[in-house]
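I have placed the structure first, in the form of structure tokens, so that the comments after it can refer back to it.
Reckoned from all heavy atoms, side chains included, excluding hydrogens, waters and symmetry mates.
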Amino acid sequence: MIALAWRNLWRKRWRSIVTLLAVALVVYLTLFNFGLMAAAKNSMYSNLTEAVGHVQVRVKDHRDKREFSSLLVRDAGAIEAEINKIFPDVELVKALQVGGLIEGNEQRSRGGMLIGLDQPPDIKAEFLKDYLIAGEFPAKDDVESIVLGRKLAESLKVGVGDTVYVYTFDTEGYGASAYTVKGLVNVFGSEAIAFSSLLAVQELAAPDAVNRVELHFTDLKTFGDDSSVPALRDQLKVSLGETNSVETWKEVEPGFAGYLDIIDPINLIFTAIFFVLAGLVVANTIYLSIIERVREFGVMMAVGLKRRKVFWLVILESLWLCVTGAVIGGLLGAWHINYLSKVGFKIPGMGEAFANVGVPSVFYPGLTPSYVIYTIIFVVLTGIIAAIVPAITAGRLQPVEAMRFTV
């Protein structure tokens with residue numbers, strides 16, 4: 001039956017070739033789309049966890065508090081020691097952020113957020129590689145320099161080397177200070193954000209305190225690795241007790257987490273649409289093949305071929321078309337994705353738009369086993385569903401009437 005189904009496909013060679021190429025194109029586009037979405041998810045995951053950590057420690061009930069002083073973690077040293085005891089290989093980032101007024105040239109001022117960071121060398125290097133567009137970042141002990149978001153610098157009409165003034169209110173430090181612009185960054189929210197060393201912001205707003213301690217697990221690099229994060233959070237919760245809030249990045253940024261969670265369902269919907277179109281082409285080819293072979297089916301059933309075997313013969317022909325096309329499209333897609341995973345893929349003209357929403361401008365596509373399995377399932381279902389109606393039609397033919405049929 002399998003050999004007969006394969007032979008039948010090539011009676012109308014060009015029609016079969018066009019059909020399997022259509023299936024190959026759909027499979028190629030599906031794999032490319034899956035690869036691109038996987039790259040986008042992993043890049044967004046990497047950028048997000050780079051910005052907020054995989055796990056964060058803050059004061060308890062911080063979302064219900066409004067006063068700046070009530071949001072301060074004052075025992076960051078003890079928390080850091082406890083974290084290092086549980087996770088000796090974790091990278092820790094300490095941060096203090098404070099809202100205030102930032103004034104530039106021509107007495108232009110903007111409300112914004114100043115963030116003081118104390119980052120390990122590897123995380124700082126990655127941050128600078130991704131976001132720094134001019135100048136450099138202040139050193140750990142530099143209390144006189146600041147880095148501005150690109151759009152904030154434009155609105156204040158300042159650049160590298162200029163002086164800006166920062167004023168904060170109801171804080172515990174000096175409350176006002178002048179800083180030299182040392183660099184510019186292009187980050188999400190760059191119209192209202194600035195960075196400096198943790199020591200500089202502590203002097204300005206809260207000596208010896210931070211808002212949060214971030215845990216960065218260097219072995220968790222992709223979205224697929226993230227399943228272990230809740231267990232790590234729970235382990236730290238037990239150790240720190242109830243005096244602090246311990247949250248995963250999903251709890252810190254639920255909006256972005258929700259977006260990442262819906263990427264796959266949306267992707268599968270678009271994939272289903274692709275395969276519906278491919279299925280229509282396959283169904284048309286199989287139906288025409290049935291019409292052209294009605295008399296042949298009549299003869300086959302007259303000599304003893306059972307109706308269910310006629311049904312499965314048509315299904316096998318459709319599956320042969322889909323599987324052959326899938327192999328061609330799959331090999332082309334796998335080669336292309338492997339190539340792009342090394343050189344990257346850039347959507348022309350979208351670099352700035354992506355940067356403004358926290359998405360990298362260069363993607364490195366890659367496939368996961370689940371995406372390959374999804375594609376195989378779609379191919380098989382398309383082959384079966386596209387052939388069901390023609391197969392039922394062929395199986396219901398009456399031998400005598402079929403042998404008298406003329407087109």
Side-chain angles (χ1 to χ4, degrees), residues 51-52 56 58-59 62 65-77 79-80 92-121 123-125 127-128 131-214:
V52 304
Q56 270 193 21
R58 289 177 175 261
V59 296
H62 62 92
K65 298 176 179 179
R66 295 294 178 267
E67 293 183 2
F68 176 74
S69 60
S70 67
L71 295 170
L72 298 176
V73 178
R74 301 183 184 278
D75 56 345
I79 291 174
E80 183 177 0
L92 294 181
V93 172
K94 291 177 287 186
L96 175 64
Q97 64 184 50
V98 57
L101 190 68
I102 306 176
E103 182 180 314
N105 291 333
E106 302 176 10
Q107 294 185 331
R108 299 173 68 91
S109 61
R110 293 288 184 273
M113 185 72 68
L114 176 60
I115 303 175
L117 293 175
D118 181 4
Q119 301 168 301
I123 292 179
K124 184 174 182 178
F127 177 86
L128 298 181
Y131 303 117
L132 189 69
I133 58 175
E136 57 183 334
F137 202 85
K140 188 173 183 177
D141 57 351
D142 185 348
V143 296
E144 299 177 349
S145 302
I146 195 171
V147 171
L148 299 181
R150 178 181 62 83
K151 290 186 176 180
L152 177 59
E154 290 173 358
S155 66
L156 296 176
K157 292 189 175 181
V158 296
V160 175
D162 291 335
T163 300
V164 297
Y165 303 89
V166 179
Y167 306 93
T168 62
F169 310 96
D170 297 324
T171 57
E172 301 176 358
Y174 296 141
S177 185
Y179 297 98
T180 300
V181 178
K182 199 164 190 178
L184 302 177
V185 291
N186 193 24
V187 297
F188 178 63
S190 67
E191 66 278 359
I193 199 166
F195 297 92
S196 189
S197 67
L198 176 61
L199 184 58
V201 181
Q202 284 177 330
E203 284 191 358
L204 176 71
D208 301 321
V210 299
N211 291 126
R212 66 181 185 267
V213 178
E214 303 170 3

**Request:** Check A200 against V143 and note the closest heavy-atom contact, atom names and distance.
**Result:** CB-CA, 3.6 Å
**Asked** Looking only at atom types and distance, does a side-chain atom of S155 sit under 3.5 Å from a main-chain N or O of L152, one as donor and one as acceptor?
**Response** yes
**Prompt:** Are I193 and I115 close enough that some pair of their side-chain heavy atoms sits under 4.5 Å apart?
**Reply:** yes
**Prompt:** Which is it for V93 and K124 under the side-chain contact (heavy atoms from CB on, under 4.5 Å) test, yes or no, and what are the steps along the way?
**Reply:** CA-CA 9 Å; V93 172; K124 184 174 182 178; over 6 Å; no
**Message:** For a side-chain contact (heavy atoms from CB on, under 4.5 Å) check, start with the C-alpha distance between L128 and F137, then their side-chain angles and the critical distance, and finish with the verdict.
**Reply:** CA-CA 8 Å; L128 298 181; F137 202 85; 3.5 Å; yes
**Message:** If you define the side chain from C-beta out and look only at heavy atoms, does anything of L148 sit under 4.5 Å from V185?
**Reply:** no
**Message:** With side-chain contact (heavy atoms from CB on, under 4.5 Å) as the criterion, how do Y179 and E144 come out once you've worked through the C-alpha distance, each side chain's angles and the decisive distance to 0.1 Å?
**Reply:** CA-CA 5 Å; Y179 297 98; E144 299 177 349; 5.5 Å; no
**Request:** Heavy atoms only: give me the nearest V147-E136 pair and the separation to one decimal.
**Result:** CG2-O, 3.6 Å
**Request:** Identify the two heavy atoms, one from S196 and one from S145, that lie closest to each other, and give their separation to 0.1 Å.
**Result:** OG-O, 2.7 Å
**Request:** In plain terms, say whether K65 and E67 are close enough for a salt bridge, that is, a side-chain N and a carboxylate O under 4.0 Å apart.
**Result:** no
**Message:** Are F127 and F195, when compared by the centres of their aromatic rings, separated by less than 6.0 Å?
**Reply:** yes
**Message:** Are the side chains of R150 and N186 in contact, using a 4.5 Å heavy-atom criterion?
**Reply:** yes
**Message:** Among residues at least two apart in sequence or on other chains, which ones pass salt bridge (charged side-chain N to carboxylate O under 4.0 Å, His left out) with E191?
**Reply:** none
**Complete:** The single option from L114, V201, D208 that satisfies side-chain contact (heavy atoms from CB on, under 4.5 Å) with L96 is V201
**Fill in**
On a heavy-atom basis, the closest approach of I146 and A194 is CD1-CB, 3.9 Å
**Request:** Over all heavy atoms of both residues, which pair between A153 and L184 is shortest? Give the atoms and the distance, please.
**Result:** CB-CD2, 3.6 Å
**Prompt:** How many angstroms lie between atom OG of S109 and atom OH of Y167, to the nearest 0.5 angstrom?
**Reply:** 9.0 Å
**Asked** Could you state the interatomic distance from CD (E154) to CZ (R108), rounded to the nearest 0.5 Å?
**Response** 11.0 Å
**Complete:** In short, V160 meets A134 closest at the heavy-atom pair CG2-CB, 4.2 Å
**Prompt:** Can you check side-chain contact (heavy atoms from CB on, under 4.5 Å) on I79 and V73, steps first, answer last?
**Reply:** CA-CA 9 Å; I79 291 174; V73 178; 3.6 Å; yes
**Close side-chain approach of D170 to F68, heavy-atom, < 4.5 Å** = no
**Prompt:** Any salt bridge (charged side-chain N to carboxylate O under 4.0 Å, His left out) pairs touching residues 94-106, not counting sequence neighbours?
**Reply:** E80-K94, K94-D118, E106-K157
**Fill in**
Applying salt bridge (charged side-chain N to carboxylate O under 4.0 Å, His left out) to E172 and not counting sequence neighbours gives R74
**Asked** Is the closest side-chain heavy-atom distance between L92 and E214 below 4.5 Å?
**Response** no
**Request:** For the residue pair L156 and N105, establish whether any side-chain heavy-atom pair is separated by less than 4.5 Å.
**Result:** no
**Prompt:** Do side-chain atoms of N211 reach the backbone of Q97 as a donor and acceptor pair under 3.5 angstrom?
**Reply:** yes
**Prompt:** Around Y174, counting heavy atoms of other residues, nucleotides and ligands shown, do more than 12 lie under 6.0 Å from its OH?
**Reply:** no
**Asked** So do the side chains of V166 and L101 get within less than 4.5 Å of each other, counting heavy atoms only?
**Response** no
**Message:** Test your reading of the model: is there a side-chain donor-acceptor pair from S197 to the backbone of D142, 3.5 Å cut-off?
**Reply:** yes
